[in-house]
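Notes follow once the structure below has been shown.
Small disclaimer: the values here were computed from a predicted structure and weren't measured.
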Amino acid sequence: MKRITPLLTLLTGAGMAAVLFAMSAQAAPRGADPKPAAAPAASAEASPEVPAASATPVPPGGQSAPAQPSEQRGRPGTPTSPPPAPPTAGAERRKATGNWTGRLDGGATIAITARDGEAVAYVCDGRRLEIWLRGTAADGRLDLTGKKDAKLTGTFGDGRASGELVADGRRWAFTAKAAAGPAPVLYRATAQQRRDGVDGGWILLPDGSQIGVVTRAGEPVSAPPLDPAFGTTIVDGVTVRAEPVATDPGAGD
């Protein structure tokens with residue numbers, strides 16, 4: 001009897017342990033799966049391996065990179081250059097200022113005076129022939145015209161001028177030397193004097209002599225010497241006034 005008692009005690013303890021284990025299993029949450037707990041970690045590790053399609057790298061400092069030229073101009077793939085600069089104007093012409101005196105191959109005398117590219121020429125024979133011309137003296141070239149289709153063309157440089165005069169259906173070659181100083185070499189009766197019916201031109205030559213023609217009442221005659229200091233002379237007892245052509249807006253008319 002004493003031997004059976006411990007065996008019963010052992011069996012009773014084992015039964016109670018089985019009951020407690022069964023009750024503990026029933027108390028645990030149903031459907032719980034210990035494995036899914038590791039899934040989030042695996043997902044978190046896989047995410048960085050997939051690059052974002054719209055991700056744009058940002059340089060240090062937080063500023064976005066500037067757009068490419070084609071994107072800025074609105075013409076993808078085609079480089080855009082600034083519009084061409086407007087054509088610049090040509091260099092300014094070399095306008096002449098100076099005086100020349102010389103002769104035509106027919107014997108007449110010529111004087112050319114220029115200021116800032118505007119030129120006046122006077123041709124006379126000291127008796128009856130006289131021709132006034134106006135035009136330009138620039139870039140080493142002379143181009144002047146006068147009444148009745150008179151035309152003077154030529155070149156100048158290195159202290160001389162040369163060219164051709166065409167008038168009254170005739171042609172003359174001419175050569176002239178540059179004056180040594182700025183003193184006027186060509187005078188003409190003033191505008192008021194011309195309105196009074198007296199016109200005249202005077203060429204002052206380097207040797208101090210003069211040649212010219214005065215026309216009064218439509219009749220040309222040899223011009224008497226002109227006093228450059230006063231710009232006057234006497235024609236048939238009448239005082240005639242003249243002035244340097246360079247200061248006379250009507251010269252060559």
Side-chain angles (χ1 to χ4, degrees), residues 95-104 106-137 142 144 146-147 150 152 154 156-163 165 167 172 174-253:
K95 301 176 181 179
T97 295
N99 301 299
W100 298 264
T101 57
R103 292 188 178 276
L104 277 64
T109 303
I110 184 172
I112 304 169
T113 183
R115 175 178 292 179
D116 295 331
E118 297 294 324
V120 175
Y122 178 60
V123 176
C124 74
D125 63 0
R127 298 184 299 275
R128 301 181 63 86
L129 173 68
E130 64 173 355
I131 303 171
W132 289 97
L133 306 102
R134 292 181 65 89
T136 60
L142 298 167
L144 297 84
K147 294 181 178 179
L152 182 150
F156 64 89
D158 297 328
R160 58 181 285 127
S162 61
L165 170 66
W172 297 274
F174 73 87
T175 57
K177 292 183 179 181
V185 298
L186 181 59
Y187 284 74
R188 188 176 186 182
T190 63
Q192 182 59 54
Q193 198 73 70
R194 298 198 298 273
R195 286 192 292 269
D196 292 340
V198 179
D199 195 2
W202 289 261
I203 298 174
L204 278 59
L205 298 170
D207 60 5
S209 62
Q210 300 180 16
I211 187 171
V213 172
V214 171
T215 301
R216 183 181 182 191
E219 183 66 25
V221 297
S222 180
L226 178 73
D227 183 350
F230 297 97
T232 58
T233 190
I234 304 296
V235 178
D236 295 335
V238 177
T239 300
V240 175
R241 298 186 180 277
E243 61 187 353
V245 167
T247 64
D248 183 2
D253 292 344

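The two residues Trp202 and Ala242 make their nearest non-hydrogen contact at CZ3-CB, 3.8 Å. For Gly200 against Trp132, the heavy-atom pair with the smallest separation is O-CZ2, 4.2 Å.
At distances below 3.5 Å, not a single donor-acceptor pair connects side-chain atoms of Thr113 with backbone N or O atoms of Asn99.
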Give every donor-acceptor pair under 3.5 Å between a side-chain atom in residues 214-222 and any protein atom, sequence neighbours left out.
from   : atom 1 : to     : atom 2 : distance (Å)
Thr215 : OG1    : Glu130 : OE2    : 3.2
Arg216 : NH1    : Asp236 : OD2    : 3.3
Glu219 : OE2    : Arg128 : NH1    : 3.2
Ser222 : OG     : Gly126 : O      : 3.1

Pairs of donor and acceptor atoms involving the side chains of residues 225-233, under 3.5 Å and at least two apart or interchain, shall be tabulated with distances.
from   : atom 1 : to     : atom 2 : distance (Å)
Asp227 : OD1    : Ala229 : N      : 3.0
Thr233 : OG1    : Pro225 : O      : 2.7

Could you walk me through whether Lys147 and Ile131 pass the side-chain contact (heavy atoms from CB on, under 4.5 Å) test, one step at a time? CA-CA 8 Å; Lys147 294 181 178 179; Ile131 303 171; over 6 Å; no
Where do Tyr122 and Arg188 land on the side-chain contact (heavy atoms from CB on, under 4.5 Å) test, with the steps shown first? CA-CA 10 Å; Tyr122 178 60; Arg188 188 176 186 182; over 6 Å; no
Decide yes or no on side-chain contact (heavy atoms from CB on, under 4.5 Å) for Val238 and Val198, but give the supporting numbers first. CA-CA 10 Å; Val238 177; Val198 179; 5.9 Å; no
Between Val123 and Trp172, does the side-chain contact (heavy atoms from CB on, under 4.5 Å) criterion hold? Intermediate values first, please. CA-CA 11 Å; Val123 176; Trp172 297 274; over 6 Å; no
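Taking the side chain to side chain contact (heavy atoms under 4.5 Å, CB included) definition, one finds that Arg195 meets it with Ala191, Gln192, sequence neighbours left out. With sequence neighbours left out, the side chain to side chain contact (heavy atoms under 4.5 Å, CB included) criterion links Ile234 to Thr239. Here Ala176 pairs with Trp100 under the side chain to side chain contact (heavy atoms under 4.5 Å, CB included) rule; sequence neighbours left out. In this structure, the side chain to side chain contact (heavy atoms under 4.5 Å, CB included) partners of Arg160, at least two apart in sequence or on a different chain, are Ser162, Thr175. Taking Arg103 as the reference, nothing meets the salt bridge (charged side-chain N to carboxylate O under 4.0 Å, His left out) condition, with sequence neighbours excluded.
To the nearest 0.5 Å, atoms CD1 (Ile112) and CZ (Phe174) are separated by 4.5 Å. Between the NZ atom of Lys95 and the CZ atom of Arg115 there is a distance of 14.0 Å, given to the nearest 0.5 Å. Atom-to-atom distance recorded for Thr101:OG1 and Asp207:CG is 9.0 Å, nearest 0.5 angstrom. Interatomic distance, Thr109 OG1 to Ile211 CD1, rounded to the nearest 0.5 Å: 4.0 Å. With rounding to the nearest 0.5 angstrom, the CD1 atom of Ile203 is 8.0 Å from the CD1 atom of Ile110.
Between Arg134 and Leu144 there is no side-chain heavy-atom pair separated by less than 4.5 Å.
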